[in-house]
Structure formats: C-alpha cells, structure tokens
Amino acid sequence: MFAFAFNGFVMPHPEKFLLAGVMGDPIMHSRSPALHNYWMARHGLAGAYVPLHVPAARLQGALRALPALGFAGCNLTIPLKETAMGIVDSIDDTARKIGAISCVTVRADGSLHGANNDSYGFAESLSEAFPAWRGDAGPAVVIGAGGAARAVVHALIQRGAREIRLVNRTFDRAAALAAEAGALVSALPWNGRHAALEGAALLVNTTSQGMVGNPPLELALSALPAQSLVADVVYIPGETPLLRDARLRGLRAVNGLGMLLHQARPAWHSWFGLDPKVTPELRAMIEATL
Ligand SMILES: NC(=O)c1ccc[n+]([C@@H]2O[C@H](COP(=O)([O-])OP(=O)(O)OC[C@H]3O[C@@H](n4cnc5c(N)ncnc54)[C@H](OP(=O)(O)O)[C@@H]3O)[C@@H](O)[C@H]2O)c1
C-alpha cells in the first residue's frame, strides 16, 4: 500500500484529501487550525484545516468557492457570522434563533448549510467544568449582548434556565435581545450590573473585556453567593482578571477555551461524519499556544 507522511504521521494513501478551514478578518490569531489539525493527525486522516483571511465584502465569493475547491465546509469568526445568514442556502433553527452562523457545511449537491455550534460549545463546556451544573439552578447573569451573548442566552434557555438577567453597556442592545428571547430574560442597566449578581447561581462574561489587549471587565463580585459559578467566554489570557477575582473569592470558575473546543465537535460530525473527543492532551496543546 502507498503511504505518505502528513503532520508527522504516516498514513495510507488517501482516497481524498480532507479540507476545511476558518474564515475571518483578522484570522491569524485563531486557535482553530491547531485544534482541527490535531484531530486530523489523531484520526490518521490526510487533510488540512486552514486559516482563510476573508473580509466581509468577499464572504459570498469565498463561501461559494468551497464546493469547487472540495472543502467539506468552514467555520466563521468575527466579523462574518451575521453576514453569512444572507448567503447560505439553508440555516438550522439554532443559527436562525441566534442570528449568526458559526459553521458552514457543503452538501453533496454543492449547496451550503449554516449552523451555529457556539451555543452547544458553551453548554458542553459548563457541563464539563461543573458536572452538577443545571440550567435551572437559579438566576443567571449574562454580561454583554453581542454575538457570544446571543449564543450563551440560547444555551441557557435550552438547558432550562428560568431567569436570565442581561446587562450590557449599550442598554438598547440588551433590551432588543431580551425582547427576542422571551419573558425569562430581562434587560438591566449597565450601572445595575453589580447589584444584578445578588442571588445569582451563574455569572457569564460574554464581552471582550478582560481579553488580552483590553481592560478588565469592571464588575464587583461581592454580591455573588459563595456557591455561584463564574464563566468567561474569553480564553486569552487563560485566566482573565474576572476569573482571577472569582478564584480568589473561592468561587468556581471556567474560561472560554472549553467553549471553543466543544463547538468544534459538531462541525466534524457534519463535515466528516466523525465524532472527535476533547481530551486533556488536546486542551494542554492549545493552552500551550495561549
Ligand atoms: N470561547 C469562544 O468559543 C468564543 C466564541 C465567540 C466569542 N468569543 C469571545 O467573546 C467576546 C465577544 O465576542 P462577540 O462576538 O460577542 O463580540 P460583539 O458581538 O462585538 O459584542 C461585544 C460585546 O462586548 C461589549 N463591550 C465591548 N467593549 C466594552 C466595554 N469597553 N465595556 C463594556 N462592554 C463592552 C459590547 O457592548 P456594546 O453592545 O455596548 O458595544 C458587546 O456586548 C470576544 O472576546 C470573543 O473572542 C469566544
């Protein structure tokens, strides 16, 4: 049998070279290529997952080129997730509710299907970090009202949340998301964010505050009950100032890396029909790049 080496692994001569990637602008910061190429190697596959620098104005042409190039699909990141809604041929229910597409799959007939796996990734990450976590454990406070907040709110509702307090710097954005999401989500003013933590079972930061290069999220945790869980969707740095503050108060905390890792699993199912695992080895490999 023919054999060839790829990513340091020797594998049988492939019938097909598998292709997928991530489109965004900028794109070179993305850890997705490292994550997906790890799985390619672990599964002994011949294939590659590539970073694709695609400004919004070129998204339509880039997505429509995927079938001709033999791509199984791609992920989308900032600022393309919302724009893709007007380009693909079909959209799943979750992406439609969230209003953003994180994963595109090329179907056998060359049509493009859009899904959003961020919500799944967030819920799986919480369950992995806190196996006893339940969506209906008590009020959840979500800080932010952008794309990540929409995915998190959707995940919490899916997991049975009964009360979500949504706080955003720009109140109108929180109010719009709350109106869309239904009666169990209430929008609160930015200056009420500290008091909103009273009696909360879960706090989630979905803003970009605390990310490398940005100032910390200004939030006093003193009103959070001792048994609360704190989650940050940011994962660079691995411990944001918010998570550090939570840890020093003895609260259980998790960063956004699990969300990134777990949202990638359904993408593989849909592109390649495989169900890769999030393992400690994979997590350590990505953490080493942060
Ligand atoms: N872990 C993962 O897998 C994952 C997935 C998706 C996103 N993320 C991360 O989530 C973060 C947000 O992404 P996104 O797509 O939701 O972005 P986005 O749609 O642009 O939303 C940004 C949010 O941050 C808030 N914000 C920005 N600057 C602020 C400031 N100075 N003070 C207070 N709030 C501020 C915005 O409030 P306004 O409405 O007032 O502007 C908005 O709520 C990013 O760091 C991104 O990397 C992580």
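By convention here, the first residue in the shown sequence is residue 1. Remember, it's 1-based here, ligands and their atoms both numbered in the order they're listed.
When every heavy atom of Phe122 is checked against every heavy atom of Ala231, the shortest pair comes out as CE1-CB, 4.2 Å. The shortest non-hydrogen separation linking Leu224 to Ala200 is CD2-CB, 4.0 Å. Taking all atoms of both residues into account, the shortest heavy-atom contact from Trp39 to Leu261 is CH2-O, 3.9 Å. Of all heavy-atom pairs spanning Lys81 and Leu76, the tightest one is CE-O, 3.1 Å.
Ion pair Asp245/Arg249 flagged as a salt bridge, since at least one NZ, NE, NH1 or NH2 atom sits closer than 4.0 Å to an Asp/Glu carboxylate oxygen. A salt bridge links Glu128 with Arg283: at least one charged nitrogen is closer than 4.0 Å to a carboxylate oxygen.
Relative to the six-membered ring of Trp190, Arg193 meets both conditions, a distance below 6.0 Å and an angle of at most 45° to the axis.
The presence of a protein heavy atom under 4.0 Å from atom 17 (O) of ligand 1 is ruled out. Inside a 4.0 Å radius of atom 42 (C) of ligand 1 there is at least one protein heavy atom.
Of all the listed residues (His262, Arg169, His29), Arg169 holds the heavy atom that lies closest to atom 34 (N) of ligand 1.
Between the side chain of Asn75 and the main chain of Ser102, a donor-acceptor pair closer than 3.5 Å is present. Panel note: side chain Asp89, backbone Leu112; a donor-acceptor pair is recorded below 3.5 Å. With hydrogens and angles disregarded, no donor-acceptor distance shorter than 3.5 Å links the side chain of Ser125 to the backbone of Gly121.
When only non-hydrogen protein atoms are considered, atom 10 (O) of ligand 1 lies nearest to Val233 CG2, 3.2 Å. The shortest contact between atom 20 (O) of ligand 1 and any protein heavy atom is with Arg173 NH2, 4.7 Å. Here the protein heavy atom with the shortest distance to atom 40 (O) of ligand 1 is Thr170 OG1, 2.5 Å. For atom 2 (C) of ligand 1, the nearest non-hydrogen atom of the protein is Met259 SD, 3.7 Å. The protein atom (non-hydrogen) at minimum distance from atom 7 (C) of ligand 1 is Ala148 CB, 3.8 Å. Looking only at protein heavy atoms, the nearest one to atom 23 (C) of ligand 1 is Thr207 CA, 4.0 Å. In terms of protein heavy atoms, atom 19 (O) of ligand 1 is closest to Gly147 N, 3.0 Å. Of the protein's non-hydrogen atoms, Gly146 CA, 3.5 Å is the one closest to atom 21 (O) of ligand 1.
Numbered from 1 in the order shown, with element, the atoms of ligand 1 that lie under 4.0 Å from a heavy atom of Leu260 read 3 (O). Those atoms of ligand 1 that come under 4.0 Å of a heavy atom in Gln209, given as number and element, are 28 (N), 29 (C), 30 (C), 31 (N), 32 (N), 33 (C).
Gly121 does not count as a contact of ligand 1, since none of its heavy atoms falls under 4.0 Å from the ligand. Look at Trp190 and you'll find a heavy atom under 4.0 Å from some atom of ligand 1. Under a 4.0 angstrom heavy-atom cut-off, Met211 registers as being in contact with ligand 1.
Shown are Asp92, Thr105, Asn117; of these, the side chain to side chain donor-acceptor pair (under 3.5 Å) with Ser270 is made only by Thr105. Val142 pairs in a side chain to side chain contact (heavy atoms under 4.5 Å, CB included) with only one of the listed residues (Val167, Leu156, Val185, Leu202), which is Leu156.
When only interatomic distances are considered, the shortest N/O to N/O separation between Gly256 and ligand 1 falls below 3.5 Å. The shortest N/O to N/O separation between Gly144 and ligand 1 does not fall below 3.5 Å. At a 3.5 angstrom cut-off on N or O pairs, Asn168 counts as close to ligand 1.
Note on ring orientation: taking the six-membered ring where Trp is involved, the planes of Trp268 and His43 are tilted (angle from 30° to 60°).
Contact annotation for Tyr235 and ligand 1: only side-chain heavy atoms (C-beta onward) come within less than 4.0 Å of the ligand. With a 4.0 Å cut-off on non-hydrogen atoms, Phe171 does not touch ligand 1 at all. Contacts with ligand 1 closer than 4.0 Å are made by backbone heavy atoms (N, CA, C, O) of Thr206 only, the side chain lying farther away. Under 4.0 Å from ligand 1, not a single heavy atom of Gln263 appears.
There is a side-chain donor-acceptor pair under 3.5 Å between Thr207 and Asn205.
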